Amino acid sequence: MNIIGLNDVAGSHHNSSVALVRDGEIVFAASEERYTRVKYEMGFPHQALRSALHYSGLTPDQVDYWAVGYPPSGFYADLFCRSLWDLPRSLTGLMGHNFSGLLKYLAPNVFKMYKPAVFRNGLHPLGVPDEKIVFLDHHRTHAASAYRCSGFDEALTISMDGFGPNATGKNIAGEIYLCRDGEMTLVEEIPFYATALWYSAFTVCLGLRYMDGEGKTMGLAAYGDPDVCYTLIKDMVFEHTDGRWKGYPYWVDYIMVPRDTVLMKTHSGRRIMQLIKTYGKEHVAAAAQRLLEERILGFVESLHQRFAFRNVALAGGTFLNVKVNKLIRELPYIDQVFVHPHASDGGTAVGAALELYHQKNGRRPDFKLQDADLGDAFTDDQILAELKICDQVVWEDLGERMPEYVASALTQGKVIGWFQGREEWGPRALGRRSVLADPRSAQTRDIINHQMKNREWFMPFAPSCLEEYGSLYFKDFCSSPFMTMAFDVIAGKENEIAAAIHVDNTARVHSVRPNNEPYYRVIKKFYELTGVPVILNTSFNRHGLPIVHHPKEAIDHLLWGCVHELAIGRFVVRRRDGSCPDRCGRQRAVIKPAE
Ligand SMILES: [Fe+2]
C-alpha cells in the first residue's frame with residue numbers, strides 16, 4: 001500500500017512537506033524549502049511531491065491514499081473558547097496602537113475562514129479524487145510521527161505547538177496519547193489558550209524571526225540570568241496546576257506573532273519590549289527559557305501522576321527546544337525519550353502517512369526510524385556535470401579515500417562542506433549536508449560564526465560524536481542520532497571540544513553510528529589522528545537559506561567562501577583561484593551557458 005502524506009493540501013502552512021510510506025515504512029520524505037530555497041516554505045509541495053514520485057517510480061494514480069496532517073479549519077472561530085473577554089481584551093489593547101496593522105493582519109486570515117484550505121486543494125489538478133484524500137487530526141499526526149517512529153511498545157505521546165486543528169476542525173495547542181502495541185488512545189487535549197506561541201512572541205520581541213529564531217532565544221538564554229526577569233513575566237504564560245490549564249488573559253496577543261509590528265503593539269508585546277529595554281535581551285531570554293522548561297516539566301509531572309509512563313514520544317514545534325527535551329529525559333521516572341527528527345509541522349507529513357497506514361491495515365507497522373536520510377541523492381555523474389559547467393572551481397576525484405582526506409583536512413583547520421548521500425529529513429544536518437570543522441579550538445566557532453556563516457555570536461555549534469564514545473564526553477549519555485536532545489558536557493572534556501559546546505557547557509549532540517556512512521568513517525579517522533572522537537557539525541547553508549539541496553547550491557557556498565573546500569560525492573572541490581573570502585560574498589557562481 002502506497003500512502004503519500006502532506007502537511008496540508010492548500011500549501012498555506014509552514015514547512016510544507018511530503019512523505020511516502022510504502023507498506024508501513026517511510027521510503028521518502030522531504031520538505032519543499034529545499035527545492036524552492038525559501039525557508040519554511042508555505043506553498044503546495046509540488047517539487048517535493050515530484051521527487052517522491054520520481055524516487056518511487058509511482059504515478060499519482062498508483063498512490064492508494066493521500067493523508068493530510070492539517071485539516072481545514074475555521075482559523076479564529078475558537079478564539080472565544082475560554083472566555084468571551086479574551087478577544088476584545090486583546091483587540092482593544094491594540095486599537096489605539098496599531099489599528100491599520102491589525103486589519104492588515106486579520107483580513108487574510110478572516111478570508112481563510114470563508115474559503116478554507118479544502119477549496120484550494122493542490123491535489124485536484126493532479127487528478128486525485130476526493131475519496132483518496134483523508135484529513136487527519138493535526139495533533140494526532142504529530143503524535144503519530146513520534147510514537148510510530150519511536151520503536152516503543154508503550155509510551156505517553158505529547159503533541160504540543162502553537163495551535164492546529166483537531167479531528168473536528170477545532171484549533172487546540174496539543175494532545176496527549178497513551179500508546180500501547182500500536183494503538184494510540186487520546187486521553188486529553190491541550191486547549192488553544194495554552195498555546196506555546198508565547199515563546200515565539202518573546203522571540204520576535206527579541207528581534208528574531210518567528211519560526212526561525214526560537215532556537216536562538218534558547219541559545220541567547222544561556223548568557224542571561226533567569227532570576228532578573230522571572231517574576232516579572234511568570235504570569236504571562238500558560239500554567240498547568242491542579243490538573244487544569246490556567247491561561248493568561250492576553251493570550252490572544254500571541255496569535256499576532258507572525259506579524260511583528262502588530263505583536264509589538266499588543267499589551268503583551270509592549271510589556272515584553274519594555275522588559276528588554278530595561279533589563280537586556282539575554283536576561284529576558286533566560287527567564288522565558290526557564291519558564292518554558294518549568295511549565296512543560298510541571299505538565300509532564302502531572303501527566304505522570306495520572307498515567308505512570310516510562311517512555312515518552314514527543315513532536316510539535318515546542319519540542320524543537322532541546323533543553324526542554326533534556327530536562328524531560330532527566331526526570332527520574334523516565335526511561336527513554338524519542339523526539340521526531342522533524343518535530344515541527346513538516347513532520348506531520350510522515351505522521352499522517354504512518355497513521356493512515358495503521359488505520360487502513362489495522363495492524364502495527366513494526367517500524368523504528370533508524371536514520372533520517374530520506375530525501376534526494378545525486379549520482380557522481382550528476383555532480384560531475386555540475387562541476388564541469390562552473391569555471392571557478394577545480395576538483396580531484398578521491399573516490400573511497402574521501403573520509404580519510406576530510407579528517408586530515410579538518411586537523412589542518414579547514415572548514416569542509418560535506419555533501420554525501422540522501423539528504424536529511426528535518427531541520428538538522430546529520431552528516432549528509434553538513435559543514436564540518438575541528439572542534440578542539442573555540443576559535444573555530446568564531447571563524448564559522450562571523451566569517452563563514454554570518455550567524456549570531458551567541459549561537460553554538462553541535463558536536464557529531466561516535467556513539468560508542470558518547471558517554472566519555474556527555475553526562476547521562478544516550479543515543480541521539482537526530483540531534484533532538486541537549487547534554488551536559490563532562491567536566492574536564494570541555495577543552496577537547498571547545499568549539500562545539502555552548503557557554504553553559506551543554507551540547508546538542510549528534511551521535512553517529514556505523515550505519516551513517518561515510519560520515520562515520522570521517523569521525524573515526526579524525527579520532528585516530530587526534531584522539532578526539534568528535535567533530536564540529538553545522539548545517540550546510542548560509543545564514544537565512546535552507547540547507548543545500550542541489551550540487552550547484554553546494555558549489556555556490558564554496559564560491560561564497562562559506563567553506564574552504566567541498567567534499568561532494570567522490571570529489572573534493574576547491575576554488576580555482578585558491579582563495580577563500582573572509583566573509584560570505586554575495587556573488588553567484590559563474591555558470592557557462594549550455595553548449
Ligand atoms: Fe503543529
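Computed from a prediction, not measured in an experiment: that's the story for all the values here. Note: hydrogens, waters and symmetry copies are ignored here, and every other heavy atom, side chains too, is used. In listed order, ligands and their atoms are each counted from 1.
When the N, O or S atoms of D161 are ranked by distance to the Fe ion (ligand 1), OD2 comes first.
Residue H138 counts as close to the Fe ion (ligand 1), with an N, O or S atom under 2.8 Å.
Rounded to 10°, the angle formed at the Fe ion (ligand 1) by D345 OD1 and H142 NE2 is 90°.
A salt bridge links E330 with K326: at least one charged nitrogen is closer than 4.0 Å to a carboxylate oxygen. We find that R433 and E424 are not joined by a salt bridge, their nearest charged nitrogen and carboxylate oxygen being 4.0 Å or further apart. Taking a cutoff of 4.0 Å between a charged side-chain nitrogen and a carboxylate oxygen, D242 and K246 do not qualify as a salt bridge.
When atom types are taken as modelled, the side chain of T318 and the backbone of M160 share a donor-acceptor pair closer than 3.5 angstrom.
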